[in-house]
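These figures come from a predicted structure and were not determined experimentally. Counting convention: from 1, in listed order, for ligands and their atoms alike.
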Amino acid sequence: MSKTIIVSNRLPLQLNIENGKVTSSPSVGGLATGLKSVHRDSNGVWIGWTGLTVEETEPQLEKDIETAVSEQQCAAVQLSQSDLEGFYYGFSNRTIWPMFHYFMEYAEFDNNFWESYKSVNQKFADVVLENLEDGDTVWVHDYQLMLLPQLIKEKRPEVSIGFFLHIPFPSYEVFRTIPWREEILNGLLGADLLGFHTYDYERHFLSSVSRILGHAVSFNSITMADRVVTVDSFPMGIDYEKFSAFAKANKEQTDKSQSELQRRLYHHQQETPDAKMILSIDRLDYTKGIANRIRAFERFLETYPDYVEKVRLVMLAVPSRSNVPQYQLLKREIDELVGRINGKFATVSWTPIWYFYRSMPFTNLIDLYTSCDVALITPIRDGMNLVAKEYVATRTDRTGVLILSEMAGAAKEMNEALLINPNNMDLIARTIKKALEMPVEEQQKRNKYMQNRLRRYNVEKWAADFMGKLQALKVNEEFIRTKKLTDKRLPQILEQYNNAQQRIFFLDYDGTLRGFVNDPSEANPDEKILNMVRRLQEQPKTDVVIISGRDSETLGEWFKDLPVTLIAEHGVLKKQVDGDWHPTEAMNTDWVPSIQPVLQTYVDRTPGTFIEEKKYSLAWHYRKADPELGAMRANELSNVIKELSSNHGLSVLSGNKVIEIKSSNVHKGKAATNHILNKNYEFIFSIGDDWTDEFMFHDLPSSAITVKVGRVNTEARFYVEKQEDVAGLLQAFIQE
Ligand code: ADQ
């Protein structure tokens, strides 16, 4: 049975070694919960690091550790102390983490970190490949493993691979400054499906791919030479039922069963029934805006002194990455700030900030979530932020107010929260006041909306959605693969070719016979192409037609020495061997003077674009324009022309980085079928790469051998992976 392999930096387990005995228990993090069914039901394997370095592992315990790990359906990647330094504390957390969170000034570009990142990604790849069987699916998680998809794809191209990034993907302007940007993008593009928390991160990623690697991006798919990669957003949820059930149980517990923390919190509420508590929970990380939050709380107390002794900030900071210098600095800054503010405002009976710097058991988290009237979550940048969602989920009576930074991915889904800019202290101070004074009905109304959404789109749904999409892509990919023109299929086609009395080839030019170049005027055929076409034409009983969107002058000039038929401008003009150019239909060009100026305004506004004037059509080329601006303007232009064209009977064709306008009812399909009318071709072959060739594939008789260059959706019966494969294919029909 095929299984799913999940890969993340850390394994979802806790190893306990006591008196030489190793045991393991599953850990309960959000990701582990969400992926439980993917992991357990498919008999899957989770691959990652145990948390113990090679140096920390006593040799006599190695076997027991392996057994304990495999009991949790996991497999370990062995990391040394120096791997950890370079790969984890180094490249992951001193280069990628700050860059992707827009803390560029914290980022270090160190080649040793990069080398370590590469070699550890390779270690992960080795363990994945060892565990991989036919039909398996691989799901890779997060920024520590961005090279892994490619490392797996290279070795096992048929394996379906998903990747999810848990942190933001930064804007192109930031990402482009990373010295290893191409390698990182190529690493990620080994996946078939790439998931992000929000559409913005997805957009940033697509923009980087298109600008840095130059791949064609359309909507949410990236067309590479031989594959299509899909990109989508999947906002991660939480285990809603768990949080809400624990919160209910917390309310119902007796004095005895209460935790120490809960007792303290309760005591505080009893003593000062009017006082309110504001909660702040995060890992101690500079992205979380903890210092800003404390300062904003100070501003609040200064601006609204009536609240002194009436409000307390309960702040939990979980120790994190304390080996990284920036985190040590931050720790010091927070300690000092808390000390200063407590010193400034404290009274005999009141301290404004309760500060805990430690990890807490789950039940204590629930104690805090359920006891606090307001949650103040103000990251400077955050991929998603699950704490915000958890707080709302635990408010079983629907009271409580969430103040949330706009810069957290969660803000995109939690519009009913009080959204703030984490750098605006006055705004945060005002919002704290607003939250404290919000009527209960309003609190409940807002939380109701958010709870409904969180309950519906929980973490399991998130995982199922991602896997569902990956599965759908796999099925589609398998279907497409059935059309691949493999060496196995070719003999049958050659047999038809050999048995036929009359044969004809329709060959598209750009993207088919010739690869794309930036300047279309420099794409003239070289000797190799001319030779091949000549020799194909020389085969007995064989005709060759070059059928292209090019203008007749260019096509005529390029192929002037070859005895082939030429069809230019997408079927508008035809030139038989030794004949002149003639329109294939009665062509009308009355529309040109009114449409030309419209195109001109697009050239003026879009640097790098130009108009090509053909005999019966106009083309607007944007290959050299900024890819996103070009695509946007192309879309706009095509809508404008469609509106204008109804009186003229025009059609607008979107080709590869070109918009072509011409009279309707003329296209390659019509031209090709007219050409074979009343002739007795027993073998018809047509090949092309773009949308305009689909007319040929559609209109030619169903017995025709129609071949698409590239594996995107097509009406053709077959496809070849890339332009470079075309010569080899045509060569098969050339017999000495
Ligand atoms: P984090 O940066 O770790 O995650 P977050 O999403 O808030 O941030 O998740 C923290 C988790 O830790 C929560 O589930 C919370 O309950 C738990 N937690 C917090 N304090 C704790 C404590 N003291 N003891 C035990 N558990 C505690 C990264 C990205 C986020 C993204 C997540 C998930 O930075 O943006 O939301 O991954 O994709």
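Note: Trp97 and Tyr143 meet the aromatic proximity criterion, with ring centroids under 6.0 Å apart. Separation of the Phe164 and His197 ring centroids falls under the 6.0 Å cut-off.
With distances taken over non-hydrogen atoms, the option nearest atom 27 (C) of ligand 1 out of Thr287, Asp239, Leu365 is Leu365.
Ligand 1 has an N or O atom lying under 3.5 Å from an N or O atom of Met384, backbone or side chain.
Put simply, atom 34 (O) of ligand 1 has protein non-hydrogen atoms near it, under 4.0 Å away. In this structure, atom 23 (N) of ligand 1 has protein heavy atoms in its sub-4.0 angstrom surroundings. Protein heavy atoms all stay at least 4.0 Å away from atom 11 (C) of ligand 1.
For OH of Tyr266, the number of neighbouring non-hydrogen atoms (other residues, nucleotides, ligands) closer than 6.0 Å is 12 at most.
If you look at Asp382 next to ligand 1, the close heavy atoms, those under 4.0 Å, come from the backbone and the side chain alike. Residue contacts with ligand 1, taken as heavy atom pairs separated by less than 4.0 Å, involve Arg358 solely via the backbone atoms N, CA, C and O. Under 4.0 angstrom from ligand 1, the non-hydrogen atoms of Trp97 all belong to its side chain.
The shortest contact between atom 3 (O) of ligand 1 and any protein heavy atom is with Arg283 NE, 3.0 Å. Among all non-hydrogen protein atoms, the one lying nearest atom 38 (O) of ligand 1 is His166 ND1, 2.6 Å.
Aromatic ring orientation, Phe91 versus Trp114: tilted (interplanar angle from 30° to 60°).
Judged by the shortest distance from any of its heavy atoms, Phe243 lies outside the 4.0 Å radius around the atoms of ligand 1.
Salt bridge status for Arg340 with Glu298: present, with a side-chain N to carboxylate O gap under 4.0 Å.
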